[in-house]
Undergrad: 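First the structure, which I've put down as structure tokens, then a few questions once you've had a look.
Fair warning: this is a prediction, and the values are worked out from it, not measured in the lab.
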Amino acid sequence: MSVFIPRSNKNTSRAAEYFQKLSNELDMDKYNLPKYKELYLLASFQAMHDTDLAYYVTYQKCAINAQSKDQLLNCIAQESMLNFKHPKCFDERNFRSFLLKALGEIKKQLEEGTLDYLFI
């Protein structure tokens, strides 16, 4: 009879660290700099902000739910169905479209096995 013992050295935080790193690279604090105050009036700057915010929120959610590949896929499915407005976004439709795009990109990578190394 075979006995299966889970590996004790399994790094379950690798995926969470990966998504946390991606969110930190976006550096959302840059939008709080005084030199950007006048740029907030430009639609292109607002669109850039909403795009970064959508990816930031997505990566944060993935970091929280990255205990397993299945749990992350479940989180992505649930987030795709939710329809909420982030209080810091300028254009709800732009934010939502980029949120769905980010979720779709991560889901595709998970389904193709590109991110499997994070869960080994």
Undergrad: Distance from Ser23 atom OG to Tyr59 atom OH, nearest 0.5 Å?
TA: 9.0 Å
Undergrad: Calculate, to the nearest 0.5 Å, the distance between atoms NZ and CG belonging to Lys108 and Leu103 respectively.
TA: 15.0 Å
Undergrad: Where do Phe19 and Ala63 come nearest, in terms of heavy atoms and distance?
TA: CB-N, 3.7 Å
Undergrad: Using the rule that Ile, Leu, Val, Met, Phe, Trp and Tyr join whenever any side-chain heavy atoms are under 4.5 Å apart, tell me whether Leu33 and Leu26 fall into a single cluster.
TA: yes
Undergrad: Assess, by modelled atom type and distance only, whether the side chains of Tyr56 and Glu25 contain a donor and an acceptor separated by less than 3.5 Å.
TA: no
Undergrad: So which atom in Ala66 and which in Phe119 form the shortest heavy-atom distance, rounded to 0.1 Å?
TA: O-CE2, 3.6 Å
Undergrad: Please check this pair: side chain of Ser68 against backbone of Gln71, looking for a donor-acceptor N/O pair closer than 3.5 Å.
TA: yes
Undergrad: Membership question, hydrophobic clusters at under 4.5 Å side-chain separation (ILVMFWY): are Val57 and Ile64 in the same one?
TA: no
Undergrad: Can you tell me how far OH of Tyr36 sits from CG of Leu41, rounded to the nearest 0.5 angstrom?
TA: 15.0 Å
Undergrad: If the plane angle is over 60° it's perpendicular, under 30° parallel, otherwise tilted; pick one for His49 and Phe90.
TA: perpendicular
Undergrad: Can you tell me how far apart CG (Leu99) and CG (Asp50) are? Round to the nearest 0.5 Å.
TA: 11.0 Å
Undergrad: Side-chain heavy atoms nearer than 4.5 Å, only ILVMFWY residues, links allowed to pass through others: does that put Leu53 and Leu39 together?
TA: yes
Undergrad: Between atom CD of Glu79 and atom CE of Met81, what is the distance when rounded to the nearest 0.5 Å?
TA: 9.5 Å
Undergrad: Between CG of Leu72 and CD1 of Ile106, what distance do you get to the nearest 0.5 Å?
TA: 7.0 Å
Undergrad: According to a 4.5 Å side-chain heavy-atom criterion applied to Ile, Leu, Val, Met, Phe, Trp and Tyr, with indirect links allowed, do Tyr55 and Leu82 form part of one hydrophobic cluster?
TA: no
Undergrad: Mark yes or no for whether Gln60, through its side chain, and Gln20, through its backbone, hold a donor-acceptor pair below 3.5 Å.
TA: no
Undergrad: For the residue pair Ser97 and Asn94, what are the closest heavy atoms and their distance?
TA: OG-O, 2.9 Å
Undergrad: Do Glu92 and Arg96 meet the salt-bridge criterion of a basic N to acidic O distance under 4.0 Å?
TA: no
Undergrad: Work out which heavy atom in Cys75 is nearest to a heavy atom in Asn65; give both atom names and the distance.
TA: SG-ND2, 3.3 Å
Undergrad: Which heavy-atom pair separates Lys107 from Leu73 by the least distance, and what is that distance?
TA: CG-CD2, 4.0 Å
Undergrad: Once you measure the plane-to-plane angle for Phe45 and Tyr31, does it fall in the parallel (<30°), tilted (30-60°) or perpendicular (>60°) bin?
TA: perpendicular
Undergrad: For salt bridge (Lys or Arg N to Asp or Glu O under 4.0 Å), just list the numbers for Asp52 and Lys30, CA-CA rounded to whole Å, side-chain angles, deciding distance to a tenth of an Å, and then say yes or no.
TA: CA-CA 11 Å; Asp52 282 352; Lys30 67 185 173 201; 3.5 Å; yes
Undergrad: Parallel, tilted or perpendicular: which one describes the rings of Tyr18 and Tyr117, with boundaries at 30° and 60°?
TA: perpendicular
Undergrad: List the steps, then state whether side-chain contact (heavy atoms from CB on, under 4.5 Å) holds for Thr58 with Leu22.
TA: CA-CA 10 Å; Thr58 300; Leu22 290 176; over 6 Å; no
